[in-house]
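Everything on this sheet refers to the single structure shown next.
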Amino acid sequence: MSVIYDRVALIGLGLIAGSMSLAMRRRGLAGEVTGYARSAETRDTARRIGLVDRVCDSAAEAVEGADLVVLCVPVGAMEAVAVDIAPHLKTGATLSDVGSTKRAVIDAVGPHVPQGVHFIPAHPLAGTEHSGPESGFAKLFDNRWCLLVPEGGVDDAAMANLRLLWEGMGAHVDQMEPDHHDLVLAVTSHAPHLIAYTMVGVADDLRRVTDSEVIKYSAAGFRDFTRIAASDPTMWRDVFLSNKDATLEILGRFTEELFALQRAIRTGDGDHLFDYFSRTRAIRRGIIEAGQDTDAPDFGRGKQGE
Ligand SMILES: NC(=O)C1=CN([C@@H]2O[C@H](COP(=O)(O)OP(=O)(O)OC[C@H]3O[C@@H](n4cnc5c(N)ncnc54)[C@H](O)[C@@H]3O)[C@@H](O)[C@H]2O)C=CC1
Ligand SMILES: O=C(O)C(=O)Cc1ccc(O)cc1
């Protein structure tokens with residue numbers, strides 16, 4: 001693949017920025033990648049491991065002359081970074097982000113975007129429970145979705161280039177409306193994370209009674225919960241604070257269903273439990289049959305006719 005942007009600046013040098021830099025390098029998608037992170041320790045680590053081509057000591061320096069700037073900081077830090085870099089953005093540049101929630105980022109960053117800069121929020125649906133500059137890897141986005149979530153009209157050429165970049169980094173790209181994005185992600189990612197946090201918290205309480213049995217004998221389902229619950233606390237605090245309405249809506253429905261299952265167990269209503277579990281099993285099978293299981297090795301191929 002050839003160079004899509006001569007200069008890319010990544011602000012925040014953690015899992016996602018690191019993976020982007022390595023994925024761009026893998027295919028030669030950027031002429032030069034600059035980076036900035038708030039802490040000197042993170043910048044030193046990024047320099048030591050050569051995470052980007054040039055680590056800068058200010059966000060302003062990193063974005064100077066950049067054709068694409070991507071904000072890769074926790075959602076709650078987006079506005080402060082936008083204020084910091086706004087006067088230094090090049091006219092005609094594209095400003096994007098990778099935040100897990102979109103309405104809050106658009107409201108926080110949008111007002112600071114200078115005229116002539118194309119603002120295209122994005123969200124790669126790919127990650128791990130690890131964070132920091134040493135956690136990134138080039139394959140993170142392979143076969144995963146990246147959603148582009150612009151508000152209103154946006155420059156076609158700027159949109160096409162950002163789409164090409166994400167495709168070059170291995171992702172499948174789709175477009176979505178911001179509020180719809182936040183509702184979908186509340187169902188598929190945010191509420192499940194909260195449930196995992198809760199379950200591990202419950203187990204931790206139990207552990208005091210049962211010593212280490214909870215961890216020692218934990219089955220695969222619970223191990224997945226512990227992996228998810230090991231995710232970065234700052235990032236997830238910001239996700240819930242910034243997607244409050246959608247998350248509360250989904251948690252409300254979740255609680256209602258949980259109460260119904262609880263009652264079925266108490267009253268010995270096996271039919272209710274069986275019917276419910278049959279319905280959920282069909283959903284999983286439907287995902288696999290539709291070829292929408294992103295963990296499957298050929299995910300997306302059939303759709304794109306490759
Ligand atoms: N971790 C995941 O699985 C995914 C995360 N995201 C989103 O991507 C963004 C980044 O997440 P990660 O890379 O996982 O986080 P991370 O914790 O690995 O990295 C965040 C980086 O931002 C820096 N930072 C924090 N506040 C800053 C500020 N005010 N100015 C400059 N740098 C600052 C930190 O020092 C760190 O280098 C978040 O908005 C998150 O919601 C999106 C998809 C997946
Ligand atoms: O590690 C996991 O299971 C994830 O769910 C990764 C993830 C976390 C946050 C996002 O906004 C998108 C993907």
Side-chain angles (χ1 to χ4, degrees), residues 9-23 34-47 49 51-52 55-63 69-85 96-106 108-109 121-137 140-141 144-147 149 166 169 171 176 181-182 184-197 223-243 246-247 294-295:
L10 303 174
I11 308 300
L13 293 172
L15 170 73
I16 301 297
S19 300
M20 288 184 71
S21 181
L22 298 173
T34 59
Y36 168 77
R38 189 181 43 173
S39 100
E41 195 188 336
T42 303
R43 297 198 298 273
D44 286 346
T45 306
R47 275 192 194 104
I49 63 175
L51 193 63
V52 293
V55 177
C56 303
D57 286 321
S58 75
E61 187 192 339
V63 307
V69 175
V70 189
L71 308 183
C72 305
V73 298
V75 172
M78 296 279 182
E79 181 166 18
V81 173
V83 169
D84 199 11
I85 63 168
S96 189
D97 78 297
V98 293
S100 300
T101 63
K102 298 276 55 111
R103 167 55 53 204
V105 172
I106 290 170
V109 173
H123 183 197
L125 307 185
T128 73
E129 69 279 22
H130 302 296
S131 57
E134 291 180 284
S135 59
F137 56 102
L140 177 65
F141 310 114
R144 302 284 161 184
W145 285 107
C146 179
L147 301 174
V149 194
W166 277 105
M169 290 191 291
M176 209 181 257
H181 166 279
D182 286 359
V184 170
L185 267 291
V187 179
T188 59
S189 178
H190 307 164
H193 268 78
L194 200 71
I195 292 161
Y197 280 121
R223 277 177 196 265
D224 282 348
F225 279 160
T226 62
R227 183 187 70 74
I228 290 168
S231 301
D232 186 66
T234 304
M235 171 188 150
W236 283 98
R237 176 202 61 196
D238 288 1
V239 167
F240 292 116
L241 294 180
S242 69
N243 198 16
T247 309
T294 52
D295 287 327

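We count ligands from 1, going down the list as the structure has it; atoms in each ligand are counted the same way.
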Tell me which protein heavy atom sits closest to [atom], plus the residue, atom name and distance to 0.1 Å.
atom: atom 3 (O) of ligand 1; value: Gly127 CA, 3.1 Å
atom: atom 12 (C) of ligand 2; value: His123 NE2, 3.7 Å
atom: atom 2 (C) of ligand 2; value: Arg227 NH2, 3.6 Å
atom: atom 22 (O) of ligand 1; value: Gly12 CA, 3.4 Å
atom: atom 5 (C) of ligand 1; value: Met235 CE, 3.4 Å
atom: atom 25 (C) of ligand 1; value: Pro74 CD, 3.5 Å
atom: atom 15 (O) of ligand 1; value: Leu15 N, 4.5 Å
atom: atom 11 (O) of ligand 1; value: Ile16 CG1, 4.1 Å
atom: atom 41 (O) of ligand 1; value: Ser100 OG, 2.7 Å
atom: atom 19 (O) of ligand 1; value: Gly14 CA, 3.2 Å

For [X] versus [Y], what's the shortest heavy-atom pair and its separation?
X: Ser135; Y: His130; result: CB-CB, 3.7 Å
X: Pro121; Y: Asp97; result: CA-OD1, 3.1 Å
X: Gly76; Y: Asp238; result: N-OD2, 2.9 Å
X: Ala62; Y: Cys56; result: CA-SG, 3.6 Å
X: His181; Y: Met176; result: CA-SD, 3.5 Å
X: Val52; Y: Gly35; result: CG2-N, 3.8 Å

Tell me if a side-chain donor or acceptor on [X] pairs with a main-chain N or O of [Y] at a distance below 3.5 Å.
X: Thr101; Y: Ala104; value: no
X: Asp182; Y: Asn243; value: no
X: Ser19; Y: Leu15; value: yes

Do Met20 and Cys72 pass the side-chain contact (heavy atoms from CB on, under 4.5 Å) test, and can you show the C-alpha distance, the side-chain angles, and the key distance before you say yes or no? CA-CA 10 Å; Met20 288 184 71; Cys72 305; 4.2 Å; yes
Could you go through the side-chain contact (heavy atoms from CB on, under 4.5 Å) check for Phe240 and Leu194 one step at a time? CA-CA 9 Å; Phe240 292 116; Leu194 200 71; 3.7 Å; yes
Selection residues 13-22 - residue pairs positive for salt bridge (charged side-chain N to carboxylate O under 4.0 Å, His left out), sequence neighbours left out: none
Going by distance only, is there an N or O of [X] that falls short of 3.5 Å from an N or O of ligand 1?
X: Ala37; result: no
X: Tyr36; result: no
X: Met78; result: no

Any chance you could lay out the side-chain contact (heavy atoms from CB on, under 4.5 Å) test for Ile16 and Leu140, step after step, and finish with the verdict? CA-CA 8 Å; Ile16 301 297; Leu140 177 65; 4.0 Å; yes
Is there a heavy atom of [X] sitting under 4.0 angstrom from any atom of ligand 1?
X: Pro133; value: no
X: Ala80; value: no
X: Pro124; value: yes

Report the part of [X] (side chain from C-beta onward, or backbone N, CA, C, O) that has a heavy atom under 4.0 Å from ligand 1; answer both or neither where that applies.
X: Arg38; value: both
X: Val81; value: side chain
X: Cys72; value: backbone
X: Thr42; value: side chain

Any N/O pair Ser100/ligand 2 closer than 3.5 Å: yes
Can you figure out which of [options] has its heavy atom closest to [atom]?
atom: atom 4 (C) of ligand 2; options: Arg144, Met235, His193; result: His193
atom: atom 39 (O) of ligand 1; options: Thr234, Val73, Thr128; result: Val73
atom: atom 36 (C) of ligand 1; options: Leu125, Leu13, Leu10; result: Leu13

Suppose I only count heavy atoms of [X] and a 4.0 Å limit; which atoms of ligand 1 are within that range?
X: Ala126; result: 43 (C), 44 (C)
X: Val75; result: 39 (O)
X: Val98; result: 6 (N), 7 (C), 8 (O), 9 (C), 42 (C)
X: Ala77; result: 26 (N), 29 (N)
X: Ser131; result: 16 (P), 17 (O), 18 (O)
X: Gly132; result: 16 (P), 18 (O)
X: Gly99; result: 39 (O)

Looking only at heavy atoms, is any part of Thr128 under 4.0 Å from ligand 2, and if so is it the side chain, the backbone, or both, or is it neither? backbone
With Ser231 via side-chain contact (heavy atoms from CB on, under 4.5 Å) - residues at least two apart: Glu129, His193, Tyr197, Trp236
Roughly how far, to the nearest 0.5 Å, is OG1 of Thr45 from CD of Glu41? 5.5 Å
Distance col, row Tyr36:OH vs Arg43:CZ, nearest 0.5 angstrom, shows 5.0 Å
Just to check, does Trp236 reach to within less than 4.0 Å of ligand 2 when the distance is taken from its heavy atoms? yes
For Arg47, is there an ion pair with Asp57 - N to carboxylate O distance below 4.0 angstrom? yes
Do Cys146 and Phe141 have side chains that get closer than 4.5 Å, going by heavy atoms? no
Measuring to protein heavy atoms, does anything land under 4.0 Å from atom 34 (C) of ligand 1? no
Given Glu79 and Val109, is the side-chain contact (heavy atoms from CB on, under 4.5 Å) satisfied, shown in steps? CA-CA 5 Å; Glu79 181 166 18; Val109 173; 5.6 Å; no
